[in-house]
Amino acid sequence: MGTLTSCSFSAVHFRARSWPVGSAFRKRIQPFEHKNPKNSFLSRRERTKKMVSYRNFGRLSCFCSNNGEDNNTSKDSNSTVTTTAAAPPEEEEERRGGELESEETPASISSQPPTISPMGPAYNNFQVDSFKLMELLGPEKVDPTDVKLIKDKLFGYSTFWVTREEPFGDLGEGILFLGNLRGKREEVFAKLQSQLAKVTGDKYNLFMVEEPNSEGPDPRGGPRVSFGMLRKEVSEPGPTTLWQYVIALLLFLLTIGSSVELGIASQINRLPPEVVKYFTDPNAIEPPDMQLLYPFVDSALPLAYGVLGVQLFHEVGHFLAAFPKKVKLSIPYFIPNITLGSFGAITQFKSILPDQKTKVDISLAGPFAGAALSFSMFFVGLLLSSNPDAAGDLVQVPSMLFQGSLLLGLISRATLGYAAMHAATVSIHPLVIAGWCGLTTSAFNMLPVGCLDGGRAVQGAFGKNALIGFGLTTYTLLGLGVLGGPLSLPWGLYVLICQRTPEKPCLNDVTEVGIWRKTVLSVAIFLVMLTLLPIWDELAEELGIGLVTTF
């Protein structure tokens, strides 16, 4: 963002040989004599180039000289307009009073003075103060001397030939160098990074990004690239504060409570009737004695451990993928949910990612780790549900719950059989519930939108424009309830509030991630859609999943 200045026009007065002098024009205009008579025949474009303007704040004023003539004036209209520092009104009147009386005004010339329009916008004092405040409170910009040094020392014929510069960053606090690449982009970028550290030390971060509004691809292949520079304290995320640690701890304790609540709710057939009526009957007003739930806490802990274990394993996957790349991550902020136990966690990048491959790998590592553990629990739980020896550990759940996911419902139907699924309730092991909730949460986090793991991966693999298209489609499906069923609305609100902004660019934001990463991501998104897509009634009745005709 450039520095905005203002021009204060204080008491401009005119005097010309061909103008009448009235009370509004109190200062003489001396005729400007051209040293070169050819100037009077210059074109309007050339005369504009000869305009000299000077602006300043406060009591200083503007000086403008125009070596030409306006189309609405006479041939002898070459003049200068001067504006001096404003003097006290009394002194101005005494100093110029005698001059005004001695002036002679030709009567044959119109008394209408020409319109003088200042060059550039003029700002009042409040706007100037606002600009100064923005400059003071905004992020620190790149030092102009460093820009010149970097252009001389880094860029050149063998690396990148700079043709122009533009602002870079969210608030224009950086510099974007545009020009022509003179080698392989990865090799040039590595060379420039090494030279930048030698020239300026540990002061700036250099980004290789796609050139904005480029007219075509690079002749060597791929998009045209530009190099952006930001100060490190501006571009790198700040450290985790004590207050953030406190918030993370409180959210984790709430997540433990919601996981235990899920374990208790899974035993709905064993709970006291007054408790069940209070939570299921919308007309119930009088709350029951919650001490009646204490005996069910012990039996709810295994399910709670399973739900928490999936979420912790998810975060461990992120950290294991980030450690070899020397990428720092924030502490996870768990989001409690009484239906699934947890909506997952918010994990922020605390360092700039080196390239798009790192972004995709770290983003996919968490959901893949959580999904692997969840599917293991889900499948083992289905096998135990078919084992007569584990009948004492089984819980009764409504069969219509299996209609919430096309993929998981089909797997359950194939494992448990028609007879077990075609009933009002189904006896399952608690591991099935833990695995189901873990897979649903992992699928929600893999949706290609915003700063979710799926959104980060899509942005890294296919670009920001692809993420916008995927995001609009996802928001539409969530709004219509096509994905996630009754959880689509709360999840959509969570994304809009907490995760809607895409990730910032990597240092190397141009190099492709490769075909196999794109393929893995595409397959993962397809499985996510199958997991969150409910089973429609016709298919559920055909497969015998629940008693559809009774609902």
Side-chain angles (χ1 to χ4, degrees), residues 262 314 335 337-344 363-364 367-368 370-371 374-375 378 397-414 421 432-433 435-459 461-462 464-502 518 520-551:
L262 176 63
H314 179 117
I335 308 299
N337 179 263
I338 59 175
T339 304
L340 298 175
S342 174
F343 262 156
S363 300
L364 293 181
F368 281 10
S374 299
F375 186 79
F378 176 72
V397 298
S399 59
M400 63 179 300
L401 294 179
F402 291 89
Q403 300 174 17
S405 171
L406 177 61
L407 178 61
L408 302 183
L410 293 176
I411 295 174
S412 302
R413 167 65 177 80
M421 298 291 294
V432 176
I433 302 177
W436 185 294
C437 293
L439 287 172
T440 304
T441 302
S442 299
F444 271 125
N445 281 273
M446 270 299 298
L447 286 175
V449 60
C451 281
L452 298 177
D453 293 325
R456 290 170 171 172
V458 167
Q459 183 182 1
F462 301 106
K464 191 173 182 179
N465 292 332
L467 176 60
I468 295 175
F470 275 106
L472 292 176
T473 304
T474 303
Y475 281 129
T476 302
L477 295 177
L478 288 175
L480 296 175
V482 177
L483 296 178
L487 292 175
S488 60
L489 180 58
W491 182 260
L493 293 176
Y494 161 71
V495 175
L496 282 174
I497 295 173
C498 302
Q499 302 277 13
R500 65 184 181 273
T501 306
K518 293 182 179 180
V520 170
L521 177 58
S522 301
V523 173
I525 293 178
F526 176 72
L527 294 176
V528 164
M529 298 299 173
L530 293 181
T531 302
L532 298 179
L533 185 67
I535 301 177
W536 52 97
D537 292 342
E538 293 79 4
L539 180 60
E541 189 169 2
E542 180 71 21
L543 297 175
I545 301 178
L547 300 175
V548 178
T549 56
T550 63
F551 300 132

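Only a predicted model underlies this, so the values are computations on that prediction, with no experimental measurement involved.
Between P448 and L467 the shortest heavy-atom distance is O-CD1, 3.8 Å. Among all heavy-atom pairs drawn from K518 and A461, the shortest one is CE-O, 3.1 Å.
Separation of atoms CD1 (I411) and CZ (R413) is listed at 13.5 Å; rounding is to 0.5 Å. Between the OG atom of S363 and the CG atom of N445 there is a distance of 11.0 Å, given to the nearest 0.5 Å. Taking OH of Y475 as the start and CG of L483 as the end, the distance is 13.5 Å to the nearest 0.5 Å. Distance CE/M446 to CZ/F368: 5.5 Å, rounded to 0.5 Å. Atom CG of L439 and atom SG of C437 lie 9.5 Å apart (nearest 0.5 Å). To the nearest 0.5 Å, atom CE of residue M400 and atom CD1 of residue I535 are 12.0 Å apart.
Proximity of L340 to W491: side-chain heavy atoms (C-beta onward) are nowhere separated by under 4.5 Å. When side chains are defined from C-beta on, L478 counts as touching L447, because their heavy atoms get closer than 4.5 Å. At least one side-chain heavy atom of V458 sits under 4.5 Å from a side-chain heavy atom of I525.
Under the rule for a side chain to side chain contact (heavy atoms under 4.5 Å, CB included), the partners of I335 that lie at least two apart in sequence or sit in another chain are F343, I346, Y494. For D453, the side chain to side chain donor-acceptor pair (under 3.5 Å) test picks out H314, H318, with sequence neighbours left out.
For the side chain to side chain contact (heavy atoms under 4.5 Å, CB included) test with L410, the passing option among L406, L408, L407 is L406; the others fail.
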Evaluate the side chain to side chain contact (heavy atoms under 4.5 Å, CB included) criterion for residues F375 and S442: first the C-alpha distance (whole Å), next the side-chain angles of each, then the deciding distance (0.1 Å), finally the verdict.
CA-CA 11 Å; F375 186 79; S442 299; over 6 Å; no
Should Q403 and L539 be marked as a side chain to side chain contact (heavy atoms under 4.5 Å, CB included) after you check the CA-CA gap, both sets of side-chain angles, and the distance that decides it?
CA-CA 10 Å; Q403 300 174 17; L539 180 60; over 6 Å; no
Report the C-alpha distance between L401 and W436 in whole Å, list the side-chain angles of each, state the deciding distance to 0.1 Å, and finish with yes or no for side chain to side chain contact (heavy atoms under 4.5 Å, CB included).
CA-CA 10 Å; L401 294 179; W436 185 294; 5.9 Å; no
Begin with the C-alpha distance, continue with both residues' side-chain angles, and end with the deciding distance and a verdict on side chain to side chain contact (heavy atoms under 4.5 Å, CB included) for F402 and L543.
CA-CA 11 Å; F402 291 89; L543 297 175; over 6 Å; no
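Annotation for I338: atom CD1 does not count as buried by contact number, only 12 or fewer foreign heavy atoms lying within 6.0 Å.
A distance-only check finds a donor-acceptor pair linking the side chain of S405 to the backbone of T531 [under 3.5 Å]. S488 contributes no side-chain N or O that, together with a main-chain N or O of G484, makes up a donor-acceptor pair within less than 3.5 Å.
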